[in-house]
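This report concerns only the one structure given below.
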Amino acid sequence: MATGTEPTDTESHSARGGVRTGTRAAIDASHLRSDRWWLAPAVTAAGLLAFIVYSTWRAFADTDYYAAPYVSPFYSPCLAERCEPMRHGPNWEIFGSWWGISPAIIILIFPLGFRLTCYYYRKAYYRGFWASPPACAVAEPHKKYTGETRFPLILQNIHRYFFYAAIVVAGILTYDTVLSFRNERYEWGHMGLGTLVFLINIVLIWAYTISCHSCRHIVGGKLRHFSKHPVRYRMWQWVGKLNARHMQLAWASLVSVALADFYVYLVASGAFDDPTIF
């Protein structure tokens with residue numbers, strides 16, 4: 001019995017590709033949504049593009065990234081000899097004098113790799129840039145879907161290893177935040193506006209990192225009986241609550257790390273004097 005949803009022309013539907021193949025309902029319209037479904041992916045793409053442009057400029061600028069006691073999170077730790085000397089700061093000259101470009105390029109690989117392979121960011125740029133799919137119930141324009149089984153998307157599987165690196169980076173940024181409780185003469189017991197900026201940033205960085213799906217799996221995954229592991233079970237519950245806010249934390253930490261870098265840039269370039277709180 002005909003229901004009105006059977007494909008009338010399998011070849012014509014297959015030719016259009018994507019989710020409009022002959023195995024789907026025979027609906028000529030690409031979607032039936034009447035809302036502004038394109039707004040969310042457009043805003044997402046605009047936000048990510050803004051951060052990409054800004055971070056690329058700052059990473060290759062190779063200047064105005066240190067103003068005692070603040071160091072830009074984009075340049076910490078500094079792993080090249082050409083870095084500006086930071087008293088008691090994370091100056092680890094692992095890369096010798098042969099490294100001729102910005103030292104930020106070395107360290108940014110790890111936090112950016114963590115974010116690029118993050119489950120939320122995958123959804124964000126899949127929809128925002130690749131239209132895969134652009135929104136729920138809206139057909140994607142691709143003729144074939146292979147998921148994350150082929151290069152380069154298969155590299156998403158190394159997300160857990162980037163998570164380990166992100167923990168190390170977050171620990172170093174925590175150390176930088178502690179050092180921000182000094183003044184420009186490196187005297188302890190002081191706090192400037194930059195210290196507050198760093199505190200907010202590190203809290204959001206840790207919240208985003210710990211709310212990661214990989215962290216949740218590491219804490220409570222593969223447990224047959226939660227009752228036998230009460231500590232891990234409570235940790236799993238706590239991480240799960242953060243995980244429910246993973247999208248909000250992803251955006252908040254993305255903005256906060258850019259603002260922290262921009263604040264250091266303003267102080268280091270002389271455009272702004274760091275106000276002293278105490």
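- Identified under the salt bridge (charged side-chain N to carboxylate O under 4.0 Å, His left out) test for residues 230-257, with sequence neighbours left out: none.
- Cluster annotation: Tyr164 and Tyr208 are assigned to the same hydrophobic cluster (Ile/Leu/Val/Met/Phe/Trp/Tyr, side-chain heavy-atom contacts under 4.5 Å, transitive).
- None of Ile154, Leu153, Leu155 except one satisfies the side-chain contact (heavy atoms from CB on, under 4.5 Å) rule with Asn157; the exception is Ile154.
- Leu116 and Leu254 fall within a single hydrophobic cluster, where Ile, Leu, Val, Met, Phe, Trp and Tyr side chains are chained together by heavy-atom contacts under 4.5 Å.
- Taken together through direct or relayed side-chain contacts under 4.5 Å among Ile, Leu, Val, Met, Phe, Trp and Tyr, Val255 and Val203 form parts of separate hydrophobic clusters.
- In this structure, the separation between CG on Leu112 and OG on Ser55 is 6.0 Å, given to the nearest 0.5 Å.
- His159 has its side chain within reach of Cys212: a pair of non-hydrogen atoms, C-beta onward, lies under 4.5 Å apart.
- With values rounded to the nearest 0.5 angstrom, Ile107 atom CD1 is found 5.5 Å from Ile172 atom CD1.
- Atom-to-atom distance recorded for Glu187:CD and Glu184:CD is 8.0 Å, nearest 0.5 angstrom.
- Aromatic ring centroids of Tyr119 and His246 lie 6.0 Å or more apart.
- Without hydrogens or angle criteria, Ser76 side chain to Ser72 main chain gives no donor-acceptor distance under 3.5 Å.
- The nearest pair of heavy atoms linking Tyr65 to Glu84 is OH-N, 2.9 Å.
- Residues Arg122 and Tyr120 fail the side-chain proximity criterion, which asks for heavy atoms closer than 4.5 Å.
- No close placement of the His190 and Phe278 rings is indicated, their centers lying 6.0 Å or farther apart.
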Would Leu48 and Tyr125 count as a side chain to side chain contact (heavy atoms under 4.5 Å, CB included) here? Give the steps.
CA-CA 8 Å; Leu48 292 177; Tyr125 61 74; 4.2 Å; yes
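- Residue Ser211 comes nearest to Asn243 through the heavy atom pair O-ND2, 2.9 Å, listed as atom of the first residue, atom of the second, then distance.
- Atom CZ of Phe129 has more than 12 heavy atoms from other residues, nucleotides or ligands within 6.0 Å.
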Please step through side chain to side chain contact (heavy atoms under 4.5 Å, CB included) for the pair Lys123 and Met247, ending with a clear verdict.
CA-CA 10 Å; Lys123 171 187 173 182; Met247 179 185 73; 5.6 Å; no
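- Between Leu173 and Asp176 the shortest side-chain heavy-atom distance falls below 4.5 Å.
- Note that Arg115 lies outside the cation-pi zone of Phe162, set by a 6.0 Å cut-off to the ring centre and a 45° limit from the axis.
- Across every non-hydrogen atom of Val71 and Met86, the tightest pair is CG2-SD, 3.3 Å.
- Residues Ile210 and Val219 share a single hydrophobic cluster, defined by chaining ILVMFWY side chains whose heavy atoms lie under 4.5 Å apart.
- The local environment of CH2 in Trp99 is crowded, with over 12 non-hydrogen atoms from other residues, nucleotides or ligands closer than 6.0 Å.
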Tell me, with the steps shown, if Trp236 and Leu223 meet side chain to side chain contact (heavy atoms under 4.5 Å, CB included).
CA-CA 11 Å; Trp236 180 81; Leu223 292 181; over 6 Å; no
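- Residues Phe95 and Ile106 form a side-chain contact, since some pair of their non-hydrogen atoms from C-beta on lies under 4.5 Å apart.
- For the pair Asp64 and Arg58, the salt-bridge criterion is not met [side-chain N within less than 4.0 Å of a carboxylate O].
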Show me the side-chain donor-acceptor pairs of residues 130-137 shorter than 3.5 Å, one per line, residues at least two apart or across chains.
none

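- Contact annotation: the side chain of Pro103 never approaches that of Ile105 to less than 4.5 Å [non-hydrogen atoms, C-beta and beyond].
- Note that the SG atom of Cys83 and the CD atom of Glu81 stand 9.5 Å from one another [nearest 0.5 Å].
- Of all heavy-atom pairs spanning Ile202 and Ala170, the tightest one is CD1-O, 3.6 Å.
- Atoms CG and CZ, from Leu108 and Phe60 in turn, are 9.5 Å apart once rounded to the nearest 0.5 Å.
- For the residue pair Asp261 and Tyr75, no side-chain donor N or O sits within less than 3.5 Å of a side-chain acceptor on the partner.
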Evaluation steps, side chain to side chain contact (heavy atoms under 4.5 Å, CB included), between Ile218 and Arg160:
CA-CA 9 Å; Ile218 291 170; Arg160 170 172 290 194; 3.7 Å; yes
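- With rounding to the nearest 0.5 angstrom, the CH2 atom of Trp37 is 8.0 Å from the CZ atom of Arg33.
- Counting heavy atoms of neighbouring residues, nucleotides and ligands inside a 6.0 Å radius, atom CE of Met191 exceeds 12 of them.
- Taking the six-membered ring for Trp, Phe272 and Tyr263 have ring centres closer than 6.0 Å.
- Side-chain atoms of Thr174 and Trp206 form a donor-acceptor pair, as typed in the model, at a separation below 3.5 Å.
- At least one side-chain heavy atom of Arg82 sits less than 4.5 Å from a side-chain heavy atom of Asp62.
- The shortest heavy-atom contact between Val178 and Trp188 is O-CZ3, 3.2 Å.
- Sparse packing is recorded around OH of Tyr265, with 12 or fewer heavy atoms of other residues, nucleotides or ligands lying under 6.0 Å away.
- Residues Thr177 and Phe198 approach most closely at OG1-O, 3.7 Å, considering heavy atoms.
- When the disulfide bond (SG atoms under 2.5 Å apart) test is applied to Cys118, no partner is found at least two apart in sequence or on another chain.
- Side-chain contact between Asn201 and Leu259 is absent, with no heavy-atom pair separated by less than 4.5 Å.
- Ring centroids of Phe74 and Trp57 are separated by 6.0 Å or more, keeping the two rings apart.
- Within a 6.0 Å sphere centred on CZ of Phe262, heavy atoms belonging to other residues, nucleotides or ligands number 12 at most.
- Val43 and Trp38 fall within the same hydrophobic cluster, where Ile, Leu, Val, Met, Phe, Trp and Tyr residues are linked whenever their side-chain heavy atoms come under 4.5 Å apart, directly or through other members.
- For the pair Thr209/Ile167, a side-chain contact is recorded, criterion being any heavy-atom separation below 4.5 Å from C-beta on.
- Phe163 and Phe110 have their aromatic ring centers separated by at least 6.0 angstrom.
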